[in-house]
Amino acid sequence: MIYMLTHYAFARYALIAGLITGVVAPLIGSFVVVRRLSIIADALAHITLSGVAFGILMGTLSRAMGLVDPVYYGTLFALVAALFIEKLRNVYRFYSELAIPIILSTGVGLGVVLIGLAHGFNVDLMGILFGNILSVTKADLMRIAVAGVVVMGTVFLLYKELVSLSFDEESARLSGVPAGTINFIFSALIALVISVSMQIVGILLVSALITLPVASALRVAHSFQSLIAYSILFAELSVLLGMTASFYFDLATGGTIVLVAVTILLLILLASRLRQYARA
Amino acid sequence: MQDEILRVNNVSFRYAEQDVLKNVSLTLHRGELLGLVGPNGSGKSTLLKIILGLLPLRRGEVFWFGVPLARFRDWTRIGYVSQKASSFNTGFPATVEEVVLMGLTAKLGLFRRPGKKERQAVDEALDLVGMNAFKKRTIGALSGGQQQRVFIARALVTDPEVLILDEPTVGVDMQSEERFYELLETLHRDRALSMILVSHDLGVVSQKMDTVACINHELFYHGAAEKFRDVQDEVVLKTYGREMQVITHGHVLGSHKHSILDACWDASRPTAHDAIVSDELLGNENTSKEATLVGGDKR
């Protein structure tokens with residue numbers, strides 16, 4: 001594997017893209033999970049599919065439009081959907097979780113129709129759905145790096161507002177935190193993270209990378225800062241071990257990364273159970 | 001005359017074609033302790049949300065420090081401990097220090113990170129409520145009473161002039177409730193804080209507060225707590241309706257010095273009612289455990 005990394009650029013791009021995803025996905029995931037919005041990541045990932053399909057369709061209709069990477073359309077669709085989710089959550093105040101299946105099913109339905117229209121079922125659909133980390137180009141890596149820096153920078157700058165809103169939105173609003181704006185920025189950050197993670201684990205597994213490391217970290221964290229630190233540690237472990245395992249055993253990389261994340265979670269649950277027994 | 005902190009003029013609020021609040025007017029002056037009481041669903045929390053700008057003010061006027069609510073921006077002068085604070089996500093992995101620091105979010109403003117001064121303010125607020133020893137503990141690992149103190153510290157960390165507490169002792173055991181009222185007395189004495197305490201515990205409010213506002217969609221009494229004791233039967237009948245009875249019985253706990261009006265409850269909940277009645281019929285002197293049974297809620 002070391003040989004691959006030193007001799008092949010695509011292997012290096014894949015590793016760096018994976019490591020960036022291993023930071024930004026659990027970073028945003030920490031806020032997503034404590035706000036009990038885990039399923040939002042799934043809904044936005046599915047709407048990204050329709051955006052990517054729209055991009056592919058545009059590519060078949062116009063040469064100029066085809067110059068834009070379909071992933072950008074995917075991110076744009078996810079951003080618009082994030083705004084709609086906030087609106088729908090206000091429309092159905094007592095059934096706010098309804099907003100998520102509405103967006104999710106719209107995403108899949110629209111995606112399938114657009115892919116059909118673009119005659120795109122022969123496009124690398126498997127890569128979009130399940131990820132293809134080895135297909136990361138230098139341009140992709142630049143896009144992922146820029147998105148990663150934007151996500152990390154925004155969370156750094158708005159950290160205290162994001163934590164306050166996640167813990168107690170009513171009190172945060174009352175004290176003067178601009179909740180509407182921050183919530184929209186937060187949704188936009190989720191959309192960006194999805195666009196970063198899409199190529200690594202695929203649309204269907206994006207939410208796994210956002211939530212699984214946080215689920216593991218929740219069992220060991222004693223503060224919010226430690227939750228973020230542990231989440232990133234577990235995500236990076238999943239990326240590195242998953243990529244190594246997929247290389248040596250010739251397995252699908254996205255799926256293997258997610259399975260490693262699940263294994264870490266199971267080991268942590270087992271360890272906490274054993275510790276409970278030891279105490280009793 | 002003392003400074004007027006809050007003025008509420010003829011505030012009305014309708015929800016789903018029903019009057020939740022009808023022409024409610026009241027005032028709060030500097031250093032005053034106001035108890036806002038009424039049965040469950042009487043509109044107390046709605047009134048609070050309106051004066052805090054969390055619900056729209058459709059009819060009437062609200063002035064904070066003489067400034068109309070629509071133009072009032074200086075929310076750091078007001079500390080608020082919501083009813084929901086006692087039912088927050090206990091799995092949230094935040095330390096006590098992190099929770100209190102959240103109170104400074106808006107005061108610090110966007111992009112500024114808390115520094116030494118802010119951490120010192122957190123320490124002072126935690127000292128005030130006697131929780132500094134717990135600052136590295138996870139909030140979910142504390143008892144209900146301890147969590148309530150942490151939330152009060154979060155409200156106090158901005159050094160507010162008014163503290164608003166919405167049903168602060170719900171889910172808190174008897175001893176913690178006693179300590180809680182002692183803390184309020186200390187805060188009032190040492191910091192000259194004005195307070196609004198929303199409760200359905202008429203007994204405690206009439207004893208601990210300077211003024212009482214009795215509300216059940218309409219305002220039935222607003223005035224000095226001492227005068228309230230003279231007209232309590234009439235006001236309670238109006239506020240709580242026919243289903244409510246006022247029960248007077250011994251109240252032997254610490255700072256409750258009077259036994260004027262210890263408990264009233266919803267007679268439609270026979271279990272709580274019967275428990276006290278049978279205690280009294282049996283001449284059971286140990287009534288302190290039931291002393292804060294109010295509105296049918298058993299704590």
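Values reported hereafter were calculated over all heavy atoms of this structure, with side chains retained and with hydrogens, waters and symmetry mates removed.
Below 30°, between 30° and 60°, or above 60°: for B/F92 and A/F167 the angle between ring planes is above 60°, a perpendicular geometry.
Taking a 6.0 Å sphere around CZ of B/R77, one finds it holds more than 12 heavy atoms contributed by other residues, nucleotides or ligands. The number of heavy-atom neighbours closer than 6.0 Å to CZ of A/R219, taken from other residues, nucleotides and ligands shown, is 12 or below.
Using a 4.5 Å cut-off between heavy atoms, B/K49 touches chain A through its side chain atoms alone. Both the backbone and the side chain of B/L110 come within less than 4.5 Å of a heavy atom of chain A. If you measure heavy-atom distances from B/V96 to chain A, you find no contacts under 4.5 Å at all. Proximity to chain A is absent for every atom of B/I78, based on heavy atoms less than 4.5 angstrom apart.
From B/T105, atom OG1 reaches atom OH of A/Y159 across 10.5 Å, with rounding to the nearest 0.5 Å. Note that CG of B/L52 is 14.0 Å distant from CZ of A/R173, once rounded to the nearest 0.5 Å.
By number of non-hydrogen pairs under 4.5 angstrom with chain A, the leading residue of B/R112, B/K107, B/E97, B/R73 is B/R112. Counting heavy-atom pairs closer than 4.5 Å to chain A, the top-ranked of the candidates B/A141, B/G140, B/G109 is B/G109. When each of B/D74, B/T158, B/I139, B/T95 is checked for heavy-atom pairs under 4.5 Å with chain A, B/T95 comes out on top. Counting heavy-atom pairs closer than 4.5 Å to chain B, the top residue among A/G176, A/S166, A/S226, A/S164 is A/S164. With chain B as partner, the option from A/V33, A/L174, A/V177 having the largest number of non-hydrogen pairs under 4.5 angstrom is A/L174.
Judged purely by atom type and a 3.5 angstrom limit, B/K136 has no side-chain atom pairing as donor or acceptor with the backbone of A/H222. For the pair A/E170 (side chain) and B/S82 (backbone), a donor-acceptor distance under 3.5 Å is absent. A donor-acceptor contact shorter than 3.5 Å is absent between the side chain of A/K160 and the backbone of B/A106.
Residues A/S171 and B/R154 meet the side-chain proximity criterion, which asks for heavy atoms closer than 4.5 Å.
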